[in-house]
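One structure is given here, and the rest of the page talks about it.
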Amino acid sequence: DGLPNVIVNVLDINYKVNKIRAATFGRGVWESPIIDDGSREPAVLLTANGLMDRIELSWIAPREVEPLHYNIYRDDALYQTSTTNYFTDEVANGLSYSYWVEAVYDDGVSTPTNRVVARTPIDVTFPYREDFEEETHGWLLKKDPSGWQWGTATDFNMTQLGDSKFLAINSEVASQVEKRATDYAILPTMDLTDLAEPIISCKYAFRQFQRIDKLYLVYRTVENPIWTNLIELDATSRTPMWTWRNFTFTIPSDLLIPDIEFAFYYSDMGTLGYGAAIDDFYIGPDVSGIDNTKIEGQVTVYPNPTNGEFNV
């Protein structure tokens, strides 16, 4: 509409009159109609805060036109509606959910907000074990095809990994929705101050494509909230077969502190890769073997070495 070739200082959209306005440097204000593609002004900047027994959501409301209400989606299903730009979801402790919001108008709905994932806290006792058969119990996951999810081998196209439930991320699944796979599977916050020489152990599967995919055990603290690598995990397979492997890591003494979080970080590095899976997680004393010289009388402990559980 005749806008000269000059610097534009401000761009503003007025949804009431359906125009975009450009403020130029020294050449006035210019405006042009917006092409009506059926979209409506969205809510933006959705945030979530996980507290005891609840998750609090808030977002910035549309500026130009007030919507009739908002649709709130939890784990990709329509969950509730709200006439305000905030919502409290009362949930049990130790659970995590993903959320997004859309604004509803009398002539349609907006595009969705950003997606957020939040969890309620859980009290961690040691030894800590998680087999993921019932729920994720405080683990924080992205819960979409580009991130870690909870399910079965069939859900993740990892049929060789058996019938149990576990956490997994799959680059091939992400590519089907035109996304790249990268995410942190974050454990509940823990206080390790009373532990002596604890270990982290689990079984994991990690198919690596041409050594491109990466899988790390990482941590962060209140003082250093940036994720720090502890160890890079080796591939369990570079073939079409998915296989489990046992993993054990001794936690350094300088990390035996309160309010620490561990996570498994996977990335396909922006290319088409394979993926990873985690199951049977454990943090606690190292009970992988028992010294036979300390067993007195006719007592037999089996199996030995153990995986943390044994019979007498």
Requested in this report: State plainly whether the residues Lys165 and Glu133 are in salt-bridge range, i.e. N to O under 4.0 Å.
Outcome: no
Query raised in the report: Can we say Arg74 and Asp89 salt-bridge, meaning some charged N sits less than 4.0 Å from an Asp/Glu carboxylate O?
Result: yes
Query raised in the report: Among all residues two or more places apart in sequence or in another chain, which pass the ring-ring contact (aromatic ring centres under 6.0 Å, His included) test with Tyr128?
Result: none
Query raised in the report: Which pairs with one or both residues in residues 244-259 pass side chain to side chain donor-acceptor pair (under 3.5 Å), sequence neighbours excluded?
Result: none
Requested in this report: Dump the intermediate steps for side-chain contact (heavy atoms from CB on, under 4.5 Å) on Asp75 and Lys143, then the final yes or no.
Outcome: CA-CA 7 Å; Asp75 287 350; Lys143 289 189 172 184; 3.7 Å; yes
Query raised in the report: Okay, side chain of Tyr105, backbone of Glu41: is any donor-acceptor separation there less than 3.5 Å?
Result: yes
Query raised in the report: Should Asp76 and Arg115 count as an ion pair when the cut-off is N to O under 4.0 Å?
Result: yes
Requested in this report: Classify the angle between the aromatic ring planes of Trp139 and Phe264 as parallel (below 30°), tilted (30 to 60°) or perpendicular (above 60°).
Outcome: parallel
Query raised in the report: Hydrophobic clusters join Ile, Leu, Val, Met, Phe, Trp and Tyr when side-chain heavy atoms are under 4.5 Å apart, directly or via other members; which others share one with Tyr79?
Result: Leu46, Ile55, Leu57, Trp59, Tyr70, Ile72, Phe87, Val91, Leu95, Tyr97, Tyr99, Val101, Val116
Query raised in the report: Considering residues at least two apart in sequence or located in another chain, which fulfil the side chain to side chain donor-acceptor pair (under 3.5 Å) criterion with Thr152?
Result: Asp155
Report task. Show the numbers, then the answer: is there a salt bridge (charged side-chain N to carboxylate O under 4.0 Å, His left out) between Arg119 and Glu261? Result -> CA-CA 14 Å; Arg119 64 181 172 188; Glu261 287 183 326; 2.6 Å; yes
Report task. Please say whether more than 12 non-hydrogen atoms of neighbouring residues, nucleotides or ligands are located less than 6.0 Å from CG in Asp163. Result -> no
Requested in this report: Measure across Ile122 and Pro188 and return the closest heavy-atom pair with its distance rounded to 0.1 Å.
Outcome: CG2-CB, 3.5 Å
Query raised in the report: Would you call Lys179 and Asp144 a salt bridge, using N to O less than 4.0 angstrom?
Result: yes
Query - Residue Glu178 excluded, over 12 heavy atoms near CD under 6.0 Å - result: no
Query raised in the report: Taking only residues two or more places apart in sequence, or in another chain, which ones meet Phe262 in a ring-ring contact (aromatic ring centres under 6.0 Å, His included)?
Result: none
Query raised in the report: Centres of the Phe156 and Trp242 rings: under 6.0 Å?
Result: no
Report task. Test Asp107 against Arg40 for salt bridge (charged side-chain N to carboxylate O under 4.0 Å, His left out), laying out the working first. Result -> CA-CA 9 Å; Asp107 58 349; Arg40 301 296 176 263; 3.0 Å; yes
**Report entry** Qualifying ring pair (Phe, Tyr, Trp, His ring centres under 6.0 Å) pairs with a residue from residues 183-217, counting only residues at least two apart or across chains
**Finding:** Tyr184-Trp227, Tyr184-Tyr265, Phe209-Tyr274
